[in-house]
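Single-structure report; data block below.
Predicted model, so just to flag it, every value in this text is computed and none were measured.
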Amino acid sequence: MYNRMQFDLITLFPEFFDSPLRYGVVSRALLRGAVTVRTHDLRGYTSDRHQTTDDRPYGGGEGMVMKIEPLYRALADIAGAPERTLRAGAPDPAHVVLLSAQGRLFDQAMARRLAGHRQLVLICGRYEGVDERVAEHLADEEISIGNFVLTGGELAAAVLLDAVARLLPGVLGDAQSALNESFSLPDSSAAAPLDCPHFTRPPEFNGWPVPPVLLQGDHQAIRDWRARAAWDKTRRLRPDLCPASPDE
Ligand code: ADE
């Protein structure tokens, strides 16, 4: 991993990112220089008077499609080379991600992999989609943050940036280490994939008690309870993450 990571966000709405970058762990990572973020207004890379970034789809149909030329120019400027094959030869090439609902599903393993790059360039699509030649020839990969459709890639880029930035060296303090949390254990681990439930004071609120074992100071009993509670909750809310039992 590099000691600092550069994010470049290509968007039609650069101000969109003002607020997600202003709070908590991400803002501290920016202040400390562990992360730098630049936003790039796609309209600045258009060449016509109207600053056109979209056009009607070939073959007809609803909606508009984002044009390739402004994105090509933006990547030439930001990523060193616009084309995937041209970047491939560079020593530490920028990694270019297109955010779209058609992409590969984002998860913690992907966040860990992306955290190894020196520079991540995130292309935020708008309208009905992006000219497919961007995915075919310019982007290194196409990522979706979930099986739902957003109005644009900006929220998805903010989610990806947050999940990656917190994994970078020195961004989380020891007290908040990213080691013992949901989705962070190897598949071979006997522990549940999701973190266990947490409680804090008061010991009873509104007639709802904290599990007594957590108040009694028996550390082995607490570890056992947490392991069981994590599996119970995973089975209840995320059965898809549980190994199939032998009779299934
Ligand atoms: N753009 C629209 N929907 C999206 C999604 N689910 N993930 C990433 N980008 C998107």
Identify the residue among Val121, Val96, Leu138 that makes a side chain to side chain contact (heavy atoms under 4.5 Å, CB included) with Arg87.
->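 Of the listed residues Val121, Val96, Leu138, the side chain to side chain contact (heavy atoms under 4.5 Å, CB included) partner of Arg87 is Val96.
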
Qualifying residue, where the test is side chain to side chain contact (heavy atoms under 4.5 Å, CB included) with Leu122 and the options are Ile10, Val97, Leu98 |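 The passing option is Val97.
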
Between Arg226, Arg228, Gln220, which is the residue that forms a side chain to side chain donor-acceptor pair (under 3.5 Å) with Asp224?
->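 Result: among Arg226, Arg228, Gln220, Gln220 is the only option passing the side chain to side chain donor-acceptor pair (under 3.5 Å) with Asp224.
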
Check salt bridge (charged side-chain N to carboxylate O under 4.0 Å, His left out) between Glu69 and all other residues, then give those that pass, not counting sequence neighbours.
->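 Partners of Glu69 by the salt bridge (charged side-chain N to carboxylate O under 4.0 Å, His left out) criterion, ordered by chain and then number, come out as Lys67.
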
Value rounded to 0.5 Å, distance of [atom1] in [X] from [atom2] in [Y]:
X: Arg235; Y: Leu194; atom1: CZ; atom2: CG; answer: 11.5 Å
X: Ile145; Y: Ser100; atom1: CD1; atom2: OG; answer: 11.5 Å
X: Leu75; Y: His137; atom1: CG; atom2: NE2; answer: 13.5 Å
X: Thr46; Y: Arg73; atom1: OG1; atom2: CZ; answer: 7.5 Å
X: Leu114; Y: His95; atom1: CG; atom2: NE2; answer: 5.5 Å
X: Thr39; Y: Phe17; atom1: OG1; atom2: CZ; answer: 8.0 Å

Are there more than 12 heavy atoms of other residues, nucleotides or ligands under 6.0 Å from atom [atom1] of [X]?
X: Gln216; atom1: CD; result: yes
X: Arg133; atom1: CZ; result: no
X: His198; atom1: NE2; result: yes
X: Asp48; atom1: CG; result: yes
X: Phe148; atom1: CZ; result: yes

Is [X] reaching over with its side chain to a backbone N or O of [Y], donor-acceptor style, under 3.5 angstrom?
X: Arg84; Y: Ala135; result: yes
X: Gln119; Y: Ile78; result: yes
X: Ser144; Y: Leu105; result: no

Looking only at heavy atoms, what is the nearest atom pair of [X] and [Y], with distance?
X: Val130; Y: Val65; answer: C-CG1, 3.8 Å
X: Leu185; Y: Ala191; answer: CD1-CB, 3.4 Å
X: Pro197; Y: Ala230; answer: CD-N, 4.3 Å
X: Arg32; Y: Val171; answer: NH1-O, 3.8 Å
X: Met1; Y: Pro169; answer: SD-CD, 3.6 Å
X: Arg118; Y: Pro93; answer: NH2-C, 4.1 Å

Side chain proximity check, [X] to [Y], heavy atoms < 4.5 angstrom:
X: Val26; Y: Val37; answer: no
X: Asp107; Y: Phe183; answer: no
X: Glu132; Y: Gln102; answer: no
X: Leu160; Y: Met110; answer: no

Salt bridge Asp41-Arg43, side-chain N to carboxylate O under 4.0 Å |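 No, no charged N to carboxylate O under 4.0 Å.
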
Presence of salt bridge, Arg38 and Asp8, under 4.0 angstrom |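 Salt bridge: yes.
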
Relative to each other, are the rings of His40 and Tyr45 parallel, tilted or perpendicular (30° and 60° limits)?
->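 Because their plane-to-plane angle lies in the 30° to 60° range, the rings of His40 and Tyr45 count as tilted.
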
